[in-house]
Amino acid sequence: MIMKIGFVGLGIMGKPMSKNLIKAGYDLVVSSSNPETNKEMGDHGAEVVETYVDVALKADVMITMVPNSPEVKAVILADGGLSQGAKPGSVIIDMSSIAPIASQEIGEALKEKDIGFLDAPVSGGEPKAIDGTISVMVGGDQDVFDKCLPIMEAMAGSVVRTGEIGSGNSTKLANQIIVALNIAAVSEALVLTKKMGVDNELVYNAIRGGLAGSNVLDAKAPMMLEQNFEPGFKIDLHLKDLNNVMETSTDIDVPLPLTASIRETLKALTADDIGEDDHAAIVKYYEKLANVNV
């Protein structure tokens, strides 16, 4: 039997992910505060309902994709949240990127109601959300993971269980450190070569096949060269993730000097009103320092 899926959080990532579930043959029920989004999803075959409780009453598995820990707790646990309508034995999959300790708190609260929970943040940005090739890192009980694996695979190219609840978001924090620092390294390098008078198109093509090559380089260097910062993943959201990294590192007493540095870079960019740009716009920080455009 194909389970009915509820989806809350139909933004840049959530909307294409939900559409991929419909393409895979799942019955989808959604609720959004945006009438245009509701109409669009209805036109794609989703059932649109008024409240989160209504979503939960109709769904076997519910997916949330919202900005941060407070929003996830509100959507799931607050008055009018999914947990008030969810049936015992149902499952909530939070695919947002939040603090691991918040995932653990949500999981404990849902366990008392006999509702399963997975923290399952994603990586890949809007393009991979659209084509269904995001990477999903999942924390939770093995039996709940096994039950929900086909659902997540309908939206993803890779789904890996990394441990118990909280481990999915711990893995995502590691991912966000690596991505941010990789973008910063690409930015510094291209600013340097531009200042030296080298054609950066040629630089990019020369290094992408070597050890410096990476998915980040291939995704973000062309955007930098074209000065195209249409958001696939916003600087503001990456800053939110790094804030969660540093909060977690403080809780467990782990020094992260490189992460602390790139977080300050992102804070400077948001102060310059660049927070809504794609995180490829990290290059603007280094361009400003060197007074050069890559």
Side-chain angles (χ1 to χ4, degrees), residues 9 13 64-78 81 92-112 117-125 135-141 160-188 216 231 233-282 284-286 289:
M13 296 291 289
T64 54
M65 189 63 169
V66 296
N68 205 356
S69 306
E71 291 85 357
V72 176
K73 287 183 175 181
V75 166
I76 295 176
L77 300 178
I92 296 176
I93 307 173
D94 177 40
M95 304 189 81
S96 319
S97 296
I98 67 175
I101 191 169
S103 294
Q104 293 167 346
E105 291 168 353
I106 294 166
E108 284 298 316
L110 293 177
K111 186 177 181 180
E112 294 177 2
F117 182 69
L118 299 173
D119 68 303
V122 310
S123 179
S135 296
V136 187
M137 45 221 88
V138 190
D141 291 347
V160 177
R161 179 179 176 269
T162 57
E164 299 304 318
I165 292 172
S167 66
N169 272 302
S170 296
T171 306
K172 179 59 185 287
L173 296 185
N175 182 88
Q176 295 305 81
I177 292 171
I178 294 167
V179 171
L181 291 173
N182 202 336
I183 295 174
V186 172
S187 299
E188 282 196 4
V216 169
F233 190 76
K234 295 178 182 179
I235 284 173
D236 282 343
L237 290 177
H238 210 141
L239 177 57
K240 176 266 297 184
D241 289 341
L242 295 188
N243 285 337
N244 283 333
V245 170
M246 298 310 296
E247 177 185 338
T248 302
S249 74
T250 299
D251 290 340
I252 61 175
D253 197 25
V254 174
L256 299 174
L258 292 177
T259 306
S261 176
I262 187 59
R263 182 174 71 152
E264 293 304 308
T265 298
L266 296 184
K267 287 165 67 175
L269 290 167
T270 59
D272 276 347
D273 295 324
I274 302 173
E276 291 291 307
D277 284 1
D278 187 87
H279 54 178
I282 287 172
K284 292 183 179 181
Y285 177 83
Y286 297 95
L289 291 178

Check your understanding: Does Asp277 pair with Lys284 as a salt bridge, N-O distance under 4.0 Å?
Key ->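 Salt bridge present between Asp277 and Lys284.
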
In Å, rounded to the nearest 0.5 Å, how long is the span from [atom1] of [X] to [atom2] of [Y]?
X	Y	atom1	atom2	value
Glu71	Asp94	CD	CG	11.0 Å
Ser167	Gln104	OG	CD	9.0 Å
Thr64	Ile76	OG1	CD1	4.0 Å
Phe233	Asp278	CZ	CG	9.0 Å
Asn243	Leu173	CG	CG	11.0 Å
Leu269	Asp236	CG	CG	10.0 Å

Point to revise | Pair Glu264-Lys267, salt bridge (charged side-chain N to carboxylate O under 4.0 Å, His left out): steps then yes or no | key: CA-CA 5 Å; Glu264 293 304 308; Lys267 287 165 67 175; 3.1 Å; yes

I'd like to know if the side chain of [X] and the backbone of [Y] have a donor-acceptor N/O pair within less than 3.5 Å.
X	Y	result
Ser103	Asp119	no
Asp272	Ile274	no
Lys240	Pro67	yes
Ser261	Leu258	no

Practice item. Return yes when atom CG of Leu256 has more than 12 non-hydrogen atoms of other residues, nucleotides or ligands closer than 6.0 Å, and no otherwise. Key: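 Buried by this count: over 12 neighbours within 6.0 Å.
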
Side-chain heavy-atom pair [X], [Y] within 4.5 angstrom cut-off:
X	Y	value
Leu77	Leu110	yes
Pro231	Glu276	no
Val138	Thr162	no
Ile98	Ile106	yes
Met95	Pro121	no

**Study point:** Candidate list Leu118, Ile93, Thr171, Val122, test side chain to side chain contact (heavy atoms under 4.5 Å, CB included), partner Val136, passing option
**Key:**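 When Leu118, Ile93, Thr171, Val122 are each tested with Val136, the side chain to side chain contact (heavy atoms under 4.5 Å, CB included) holds only for Val122.
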
Between [X] and [Y], which heavy-atom pair has the shortest distance, and what is it?
X	Y	result
Lys234	Gly275	CB-O, 3.7 Å
Asn169	Pro100	C-CG, 3.9 Å
Gly125	Met13	C-SD, 3.3 Å
Gly9	Val66	CA-CG1, 4.0 Å
Ser187	Tyr286	CB-CD1, 3.5 Å
Ile262	Ala184	CD1-CB, 3.7 Å

Review point. How far apart are the C-alpha atoms of Leu266 and Thr270, what are their side-chain angles, what is the distance that settles it, and do they pass the side chain to side chain contact (heavy atoms under 4.5 Å, CB included) test?
Key: CA-CA 6 Å; Leu266 296 184; Thr270 59; 5.5 Å; no

Check your understanding: Does any pair with a residue in residues 163-188 pass salt bridge (Lys or Arg N to Asp or Glu O under 4.0 Å), and if so which ones, sequence neighbours excluded?
Key ->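 Of all non-adjacent pairs touching residues 163-188, those that pass salt bridge (Lys or Arg N to Asp or Glu O under 4.0 Å) are Arg161-Glu164.
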
Exercise for review: Taking atom types as modelled, find out whether Asn244 and Asn68 have a side-chain donor-acceptor pair closer than 3.5 angstrom.
Suggested key: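 Asn244 vs Asn68: donor-acceptor pair found between side chains.
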
Check your understanding: In terms of ring plane angle, is the pair His238 and His279 parallel, tilted or perpendicular, where the classes change at 30° and 60°?
Key ->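 The arrangement is tilted - the two ring planes meet at 30° to 60°.
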
